[in-house]
Amino acid sequence: MKISAWAGPLLAAALCIRPVSAQEPSKPIHILVGFTPGGGPDITARYIAQRLGETWKKYVLVVSPSLGIKSVKELIAQARAKPGSLNFSSAGVGSGTHFAGEMFKAMAAVDVVHVPFKGIPEALTETLTGRVQFFMAPIANAVGQVREGKLTGLGVSSADRDPLLPEVPTIAEAGVPGYESILWFGLLTSSAVPRPIVAKLNREIVRILSDPDAKQRWIPIGLQPQPTTPEGFDKLIRDDVATFAKIAKGANIKAE
């Protein structure tokens, strides 16, 4: 049985569960992750594989200090004063960072230009150099540069402030009321897998992610475990599909 992980680095981690009954997996479970090693999804998949999901939050709007912009309101003011003059980077067309930027563009009512890159490192580098003006960067990737002053954190995309950057306001409180964009990782499996096995796997993963060790491992790098039920995860996906479809239509985002 294969469990696919959305939004994760390249990893094929095999995890064996000894069968006890007909309602338990009888073959090794493979967690397949489709991005580069070392990021949050990679860490997540390795941890779950080792110890045997679903949602992760935040991530941060950053600009290069060379811009002289210190707040979300200043960014919005500059974008409105010179429509089309500011760019924002992303980890690629259709990525979570792309949709987070497009949501900001729509809700802040600004005309800014999307510049996609092959991944988060490239998008972050271009923002660090000032060649691209801002980036909705995952906190795990940007917290070090913000703390060192290499990037200016203007706001976090979640509904609450992040403990890693408590001095940085939420984007909602900083000038775009109602803004919230969450990047998450989750485990999916075939609809043909029996529900009792799905339920058993869910209970075990919830137990793992509820362990205090999970928070100690992930919160320092900007990840927050929020285990849920299969039904709750299904609702999250459906809600996000509806939201992203609306954003995609408004921003004319098409599959490439």
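Below, all heavy atoms of this structure are taken into account, side chains as well, without hydrogens, waters or symmetry copies.
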Do [X] and [Y] touch side chain to side chain, with heavy atoms closer than 4.5 Å?
| X | Y | value |
| --- | --- | --- |
| Glu126 | Phe117 | yes |
| Gln78 | Leu67 | yes |
| Thr228 | Leu236 | no |
| Leu209 | Glu204 | no |
| Leu151 | Leu124 | yes |
| Val168 | Leu154 | no |
| His114 | Phe88 | yes |
| Leu188 | Phe233 | yes |

Donor-acceptor pair, side chain of [X] and main chain of [Y], under 3.5 angstrom:
| X | Y | result |
| --- | --- | --- |
| Glu74 | Lys70 | yes |
| Arg80 | Ala108 | yes |
| Ser210 | Arg207 | no |
| Lys73 | Gly175 | no |

Which atom pair, heavy atoms only, marks the closest approach of [X] to [Y]?
| X | Y | answer |
| --- | --- | --- |
| Ser90 | Pro116 | OG-CA, 3.7 Å |
| Ile247 | Glu102 | CG2-CB, 3.6 Å |
| Ala123 | Ala91 | CB-N, 4.4 Å |
| Pro138 | Thr97 | CD-CG2, 4.1 Å |
| Tyr179 | Ser157 | CE2-CB, 3.8 Å |
| Asp160 | Val156 | O-CG2, 3.8 Å |

- prompt: When rounded to the nearest 0.5 angstrom, what is the spacing between CG in Leu187 and CG in Asn202?
  reply: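 One gets 10.0 Å once the value is rounded to the nearest 0.5 Å.
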query: Do Thr127 and Ser64 pass the side-chain hydrogen bond (donor to acceptor under 3.5 Å, both in side chains) test, and can you show the C-alpha distance, the side-chain angles, and the key distance before you say yes or no?
result: CA-CA 6 Å; Thr127 309; Ser64 171; over 6 Å; no
message: As a quick check of understanding, evaluate side chain to side chain contact (heavy atoms under 4.5 Å, CB included) for Thr170 and Glu180, giving each step before the final call.
response: CA-CA 9 Å; Thr170 67; Glu180 182 179 13; over 6 Å; no
task: Apply salt bridge (charged side-chain N to carboxylate O under 4.0 Å, His left out) to Glu173 and Arg161, showing your working.
output: CA-CA 10 Å; Glu173 67 180 308; Arg161 294 195 181 198; 3.0 Å; yes
If Ile, Leu, Val, Met, Phe, Trp and Tyr residues are connected whenever their side-chain heavy atoms lie under 4.5 Å apart, and connections chain through other members, are [X] and [Y] in the same group?
| X | Y | result |
| --- | --- | --- |
| Val115 | Ile253 | no |
| Phe99 | Met107 | yes |
| Val113 | Leu86 | no |
| Leu61 | Val132 | no |

Test side chain to side chain contact (heavy atoms under 4.5 Å, CB included) applied to Gln133 and Val63, step by step: CA-CA 6 Å; Gln133 281 70 57; Val63 299; 5.8 Å; no
query: Under the salt bridge (charged side-chain N to carboxylate O under 4.0 Å, His left out) criterion, do Glu231 and Arg195 qualify, and how do the steps go?
result: CA-CA 11 Å; Glu231 294 74 21; Arg195 294 301 294 180; 3.3 Å; yes
query: Going through the distances and angles, do Asp234 and Arg238 end up as a salt bridge (charged side-chain N to carboxylate O under 4.0 Å, His left out)?
result: CA-CA 6 Å; Asp234 181 77; Arg238 292 178 185 277; 2.8 Å; yes
- request: Run the numbers on Leu165 and Arg147 for side chain to side chain contact (heavy atoms under 4.5 Å, CB included), then give the verdict.
  value: CA-CA 8 Å; Leu165 297 171; Arg147 286 174 173 174; 4.3 Å; yes
- request: Could you please spell out the steps behind the side chain to side chain contact (heavy atoms under 4.5 Å, CB included) verdict for Val176 and Ile76?
  value: CA-CA 9 Å; Val176 187; Ile76 293 173; 3.8 Å; yes
- prompt: Centres of the Phe134 and Phe104 rings: under 6.0 Å?
  reply: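 Yes; Phe104 has its ring centre under 6.0 Å from that of Phe134.
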